[in-house]
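Accompanying notes for the structure given below.
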Amino acid sequence: MAGRLQGRRILVTGAASGMGRAIAEMFATEGAGLALLDLNNEGVQAVADELGAVGYACDVSDRDAVNAVAIKAGQALGGIDGVVNAAGILTIKPFGELEPKSWDRMLAINLTGPFNVVYAALPMLRAATSATIVNIASTSALMPMAGTTGYSASKAGLAMFTKCLGFDLGPNIRANSICPGVIKTEMTRYLWENPEHSERAAERVALKRLGLPEDVARAALFFSTEDSGFTTGTELPVDGGFSWR
Ligand SMILES: NC(=O)c1ccc[n+]([C@@H]2O[C@H](COP(=O)([O-])OP(=O)(O)OC[C@H]3O[C@@H](n4cnc5c(N)ncnc54)[C@H](O)[C@@H]3O)[C@@H](O)[C@H]2O)c1
């Protein structure tokens with residue numbers, strides 16, 4: 001049976017680790033042609049080699065570098081039908097202790113990064129028959145949490161950026177965001193490596209477990225296929241029931 005992404009060419013950022021990597025793996029299994037981008041050169045090359053993809057070392061906050069990679073990726077794949085923006089960083093500090101340079105960096109990577117990628121890929125997305133944009137936001141986009149002024153502002157901005165893209169780029173390009181809860185990746189290792197913290201975090205969600213990168217990859221697959229063909233400008237919590245309260 002043909003994969004659900006057969007014939008589609010997709011650029012995934014943050015693909016060296018965590019959700020970006022799980023998305024790349026699932027999309028490769030589903031037959032997508034993939035261009036992978038990450039700050040971590042060694043990591044992204046290793047994943048690209050494993051999946052038969054092209055990999056690029058690039059900082060998503062560097063607009064010129066992103067433009068150059070988008071052009072190379074488009075040439076390598078013969079076009080781009082979709083992007084998934086998974087690259088991101090998290091700094092948790094009470095306001096007043098959060099350094100302005102941490103704020104700047106979170107905004108630059110988590111919000112301006114996806115802008116740079118979508119902007120650079122836009123001519124190719126416009127040339128595609130039915131293109132998709134998937135942005136990995138966070139439950140932090142939906143509800144306030146202590147110590148996350150910078151992170152939550154960047155992710156709320158990303159969710160609203162995505163909604164507005166849905167309007168501006170329809171009908172041929174759909175844009176949706178995913179709002180993961182606590183997912184077991186490098187970013188949250190500090191939390192789930194400690195059994196007591198991990199149990200407490202799981203206890204707070206209806207489904208009584210932390211999420212896995214594959215939980216998010218399945219949602220990204222949905223938004224990257226015609227299964228979500230009448231859905232744009234929305235944000236989907238993938239959080240085991242953390243954010244509804
Ligand atoms: N883990 C969670 O619980 C959680 C929850 C909600 C949202 N998120 C979001 O999900 C996304 C994926 O995070 P993850 O948990 O898989 O983390 P991760 O740390 O495992 O992976 C993030 C990847 O992004 C890359 N990256 C960081 N800065 C970059 C830059 N400037 N340019 C290019 N690549 C860069 C890193 O090298 C890494 O490979 C992030 O946007 C994160 O904010 C994570």
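Computed from a predicted model, the values in this text were never measured in an experiment. Note that these values count all heavy atoms, side chains included, but never hydrogens, waters or copies made by symmetry. Counting convention: from 1, in listed order, for ligands and their atoms alike.
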Within the 4.0 Å heavy-atom cut-off, what V60 brings close to ligand 1 is both

Note: ligand 1 atoms sitting under 4.0 Å from heavy atoms of V182 are 3 (O)

Q. Does any N/O atom on S17 come nearer than 3.5 Å to any N/O atom on ligand 1?
A. yes

shortest atom 8 (N) of ligand 1-to-protein heavy-atom contact is with Y151 OH, 3.4 Å

Output yes when the distance from some N or O of ligand 1 to some N or O of G20 is under 3.5 Å, and no in every other case. no

Taking every heavy atom of M145 against every heavy atom of S140, the minimum-distance pair comes out as CE-OG, 3.4 Å

Besides I136, the hydrophobic cluster formed by Ile, Leu, Val, Met, Phe, Trp and Tyr side chains linked at under 4.5 Å, directly or via other members, contains L5, I10, V12, M19, I23, M26, F27, L34, L36, V44, V47, L51, V84, V134, I178, I183, V216, L221, F222, F223, L236, V238

Note to self: Applying side chain to side chain contact (heavy atoms under 4.5 Å, CB included) to L122 and I173, what does each step give before you reach the verdict?
What the structure shows: CA-CA 10 Å; L122 193 56; I173 304 175; 4.0 Å; yes

Note to self: Counting C-beta onward and ignoring hydrogens, is there a side-chain heavy-atom pair between E25 and E50 closer than 4.5 Å?
What the structure shows: yes

In this structure, atom 34 (N) of ligand 1 is nearest to the protein heavy atom L39 N, 3.2 Å

So the atoms of ligand 1 within less than 4.0 Å of a heavy atom of G18 turn out to be 16 (O), 20 (O)

Worksheet item: Is R200 paired with E203 through a side-chain N to carboxylate O contact shorter than 4.0 Å?
Response: no

In this structure, atom 28 (N) of ligand 1 is nearest to the protein heavy atom I89 CG2, 3.8 Å

If you scan protein heavy atoms around atom 13 (O) of ligand 1, the nearest is M187 CE, 3.9 Å

Charged N-O contact under 4.0 Å between E235 and K163: yes

### Query
Would you say L37 and ligand 1 have an N/O pair spaced under 3.5 Å apart?
no

ask   = Among the heavy atoms of P213, does any lie under 4.0 Å from an atom of ligand 1?
value = no

**Prompt:** Strictly by modelled atom types, are T139 and D239 linked by a side-chain donor-acceptor pair under 3.5 Å?
**Reply:** no

Counting from 1 in the order shown, the ligand 1 atoms closer than 4.0 Å to a non-hydrogen atom of E186 are 20 (O)

request  = Salt-bridge test for D215 and R209: reply yes if a basic N is under 4.0 Å from a carboxylate O, no otherwise.
outcome  = yes

* Side-chain heavy atoms of P237 within contact of F242, under 4.5 Å -> no

Within the 4.0 Å heavy-atom cut-off, what D59 brings close to ligand 1 is both

Inset, instruction - Please say whether N110 places an N or O atom under 3.5 Å from an N or O atom belonging to ligand 1. - result: no

Between R218 and E214, does any NZ, NE, NH1 or NH2 come within less than 4.0 Å of an OD or OE carboxylate oxygen? no

Nearest non-hydrogen contact to atom 35 (C) of ligand 1 from the set A87, S138, A15 belongs to A87

So for K184 against ligand 1, with non-hydrogen atoms under 4.0 Å, the contacting part is neither

Checklist entry - Between N41 and Q45, is any pair of side-chain heavy atoms under 4.5 Å apart? => result yes

Correct closest heavy-atom pair for R174 and N176 would be NH1-ND2, 3.8 Å

among protein heavy atoms, the one nearest atom 5 (C) of ligand 1 is G181 O, 3.0 Å

Numbered in order shown, the ligand 1 atoms found under 4.0 Å of a heavy atom of A16 are 39 (O)

**OP:** Would you check whether I136 reaches within less than 4.0 Å of ligand 1, judged by its heavy atoms?
**Re:** yes

In terms of its nearest heavy atom to atom 25 (C) of ligand 1, the top option of L158, D38, V117 is D38

Checking heavy-atom distances from atom 27 (C) of ligand 1 to each of C58, G14, A86, G88, the winner is G88

of all protein heavy atoms, closest to atom 16 (O) of ligand 1 is M19 N, 2.8 Å

**Close N or O approach (P180, ligand 1; < 3.5 Å)** = no

Just distances here: any N/O of T185 and N/O of ligand 1 closer than 3.5 Å?
yes

- Task: Kindly indicate, with the supporting measurements, whether the criterion side chain to side chain contact (heavy atoms under 4.5 Å, CB included) is fulfilled by K184 and L191.
- Result: CA-CA 9 Å; K184 287 173 93 168; L191 190 155; over 6 Å; no

- Item | Heavy atom of A137, distance to ligand 1 below 4.0 Å | yes

>> Would you say that L39 contacts C58 through its side chain, given a criterion of any heavy-atom pair below 4.5 Å between the two side chains?
In response: no

The option among R189, K155, R21, M106 carrying the non-hydrogen atom nearest to atom 41 (O) of ligand 1 is K155

Of all protein heavy atoms, the one nearest atom 3 (O) of ligand 1 is I183 N, 2.8 Å

Applied to residues 67-121, the ring pair (Phe, Tyr, Trp, His ring centres under 6.0 Å) test, sequence neighbours excluded, yields F115-Y119

Legend entry - Side chain proximity check, L77 to M124, heavy atoms < 4.5 angstrom: no

